[in-house]
Structures are given as C-alpha cells and as structure tokens.
Asks: 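Attaching a single structure in structure tokens format; questions to follow.
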Amino acid sequence: MGTALDTLFLSPPAGYTTLVAREFSLFTPKNVLKWDAVHPTRATFNFTRPDAMLAFAQANGMKMRGHTLAWYNQNPLWLLSGGFSADTMTQILKDHIAAVVGHYKGSLYAWDVVNEAFTDAGALRDTVWGKAIGKGYIETAFRAARAADPTALLFYNDYDVETAAAKQDAVYNLIADFKSRGVPIDGVGLQSHFLVNPDGTGAPSLSQLQTTYARFAALGVRIQITELDVRVQTPGTTAAALAGQLQVYSNVVNACLGVTACEAIIVWGVTDSESGIPGKFPGWGSALLFDANLTKKTTWATVKSALGG
Ligand code: XIL
C-alpha cells in the first residue's frame with residue numbers, strides 16, 4: 001500500500017509522518033518532481049524537496065516512486081514558450097531525464113516515465129512534447145530513463161484506462177509495440193481517480209477492473225494502481241454514494257489481489273484535507289482513507305478487510 005506526499009508532508013501536523021510510515025510502504029511525490037518544480041529554469045534544478053522525501057523514505061524503509069518525466073501539465077514557462085525545434089526538444093527531454101533520473105540513480109525504485117499521453121478517444125494528446133516531436137517522444141523518454149538508471153522500473157501512467165475502450169487500446173498497443181521491439185518498459189500505472197454519483201453509479205465495475213488488469217498482465221508488464229481516490233459529493237453524501245465508495249475500494253483491492261502482476265495500490269494522498277479534489281471538482285471530496293484529523297475512515301477499514309485484515 002502506498003500514498004502520495006505533498007505540502008502536508010513538507011510541513012507536517014503532529015502525527016502525520018508517523019502515520020505515513022506506519023500505514024504505507026511506498027509513496028509517490030505528488031508535485032515536487034514535476035517539471036515546473038524540479039526544473040524551474042533551463043539551467044537550474046531544484047532537488048531540495050524530493051531529496052527530503054527520499055531521506056524520509058530511506059529512514060523508514062519505504063520505497064519512493066518518481067513522477068513524472070513527460071506530461072502535458074505543470075511544465076515551466078521556459079519550456080512552453082521557448083519555440084524550440086524538434087531536435088532541441090528531444091535534446092531537452094533527454095537532458096532532463098538524464099539529470100533527474102540520474103540524480104536518483106539506484107534510489108527511486110520506479111518512475112512514471114510518460115504520463116497521460118493519450119486522449120480518451122485513443123489519439124495522441126496535444127502536448128508540448130507531441131506537438132514538437134511527435135509520438136516518438138514516448139520511446140525517447142523510456143530509453144533515456146533506462147539509460148539514466150538501469151535498475152529503476154519504468155511505467156506508462158494514465159487515467160480512465162478501465163472505462164475508455166479506445167484509450168485502453170492505445171495504451172495496450174503502445175506497450176505491446178515496446179515489448180515487441182525491445183523498447184524498455186516494465187509496467188502500466190492505472191491512476192484510478194474514480195467517482196461515485198449520489199445514486200451509487202459512476203465507477204468501473206469489478207469485472208471492468210478485472211478484465212483491464214488481466215489484459216495488461218497478459219502483456220507481461222507489472223500493474224500498479226498509482227493514484228487511487230474515490231470521490232463522492234459532499235456535504236450531503238447519500239447512503240448510496242457511501243456504500244458505492246466502499247464497494248469501489250474493495251473492488252480495487254480484490255481485483256489487484258486477483259492478478260499476480262498487480263503489485264501496488266497507491267492512494268493519491270493521506271487525508272481528505274490534502275486531497276486536491278475539492279479544488280478541482282467543487283462539491284466533491286471525501287475520497288481518501290483518513291480524515292483531516294488523521295482519523296481512519298470507513299474506507300480504511302474496508303481496504304484493510306479486503307486485504308485480509
Ligand atoms: C495533481 C496533484 O494532485 C495536484 O496537487 C496538482 O495541483 C495537480 O496535479 N494525474 C496525475 C497527477 O498524474 O500528477 C495529478 O496530480 C492528478 C492527475
């Protein structure tokens with residue numbers, strides 16, 4: 001079981017870090033390894049905050065994942081507005097990966113190398129990388145990551161893969177192609193940002209999860225549930241929504257336990273108060289395992305019991 005760490009970790013309330021070390025065995029930094037945070041100007045890197053997270057991981061015997069090396073979002077202005085040619089963008093991408101993955105060589109056990117490269121319709125998403133370089137940026141990024149740290153596991157990470165058939169095909173075809181040509185890739189990250197409507201509908205079913213996990217497992221890659229949260233409308237959450245939310249948490253755990261390839265479930269934050277959901281989806285929240293007082297919620301008990309107690 002893993003979690004994601006961000007600002008609350010960097011100035012923690014009493015009991016927070018103890019809870020993280022007790023409840024989880026791995027974590028992903030939510031924001032501090034994204035381009036805008038780690039590479040704020042073309043000539044500078046800022047490793048202070050991710051280094052502090054790594055020290056915490058090492059002090060507590062936890063694994064740390066890296067997130068993320070090529071994404072359309074949270075990029076610095078110098079990159080977005082540079083007007084760089086395809087060749088220069090390729091070199092910038094390679095240099096960034098050599099510097100950032102190289103800084104953590106042997107220390108981070110996995111990287112989300114490319115994040116959210118496809119639309120729900122399965123097309124290449126319109127991104128700073130795709131526009132400048134074309135689809136080949138994905139392969140370039142994976143090769144550069146392997147070269148910078150041959151021991152780190154390399155993941156392609158995306159959302160809606162369980163429900164958007166065309167996107168699932170695009171991710172599947174990418175991995176199948178990489179496997180057949182020997183392009184390095186070790187796993188698929190299924191973000192799993194789910195929601196449950198007031199009437200209890202909205203999330204993928206257990207069988208959708210199982211079919212998706214089985215399909216990727218058959219490709220011979222690892223599966224990690226990388227950004228799990230299950231939001232409901234709040235305040236005034238209905239009984240059907242609450243029941244549905246518990247069902248979704250238990251379905252994810254059961255589907256993951258049901259396939260050997262699925263090796264980690266990472267929730268996207270520790271407490272509801274540090275979740276970005278109410279900001280991004282006003283009227284929604286309560287998506288995680290602990291409340292603002294660091295108290296275990298019924299979601300926590302459900303996950304524990306699905307894991308076998
Ligand atoms: C989100 C973080 O949770 C927020 O704190 C930040 O403001 C925006 O990014 N997919 C991803 C994550 O891969 O990096 C995103 O995280 C959520 C969607």
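This is a predicted model, so every value here is computed, not measured. Whatever order the structure lists ligands and atoms in, that order sets their numbers, starting from 1. Any value given below was found using the heavy atoms of this structure, including those in side chains, with hydrogens, waters and symmetry copies removed.
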Asks: Does R65 count as lying over the ring of F27, i.e. NZ or CZ under 6.0 Å from the six-ring centre, within 45 degrees of the axis?
Replies: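 Pair R65/F27 does not count as cation-pi.
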
Asks: Roughly how far, to the nearest 0.5 Å, is CG of L190 from CG of D160?
Replies: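 It comes to 11.0 Å.
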
Asks: How far apart are the C-alpha atoms of I138 and F178, what are their side-chain angles, what is the distance that settles it, and do they pass the side-chain contact (heavy atoms from CB on, under 4.5 Å) test?
Replies: CA-CA 10 Å; I138 303 176; F178 277 18; 3.9 Å; yes

Asks: I need the full list of side chain to side chain donor-acceptor pair (under 3.5 Å) pairs touching residues 255-272, with sequence neighbours left out, sorted by first then second residue.
Replies: R222-E263, Q224-E263, T271-S273, D272-K297

Asks: Measuring from each atom of ligand 1, which residues have a heavy atom under 4.0 Å away?
Replies: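 Near ligand 1, by chain and number: K30, N31, K34, H67, W71, Q74, N115, E116, Q191, H193, E227, W268.
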
Asks: Give a yes or no on whether a salt bridge exists between D186 and R146, defined as a side-chain N under 4.0 angstrom from a carboxylate O.
Replies: yes

Asks: Are K167 and Y159 in a cation-pi contact, defined as NZ or CZ under 6.0 Å from the six-membered ring centre and within 45° of the axis?
Replies: yes

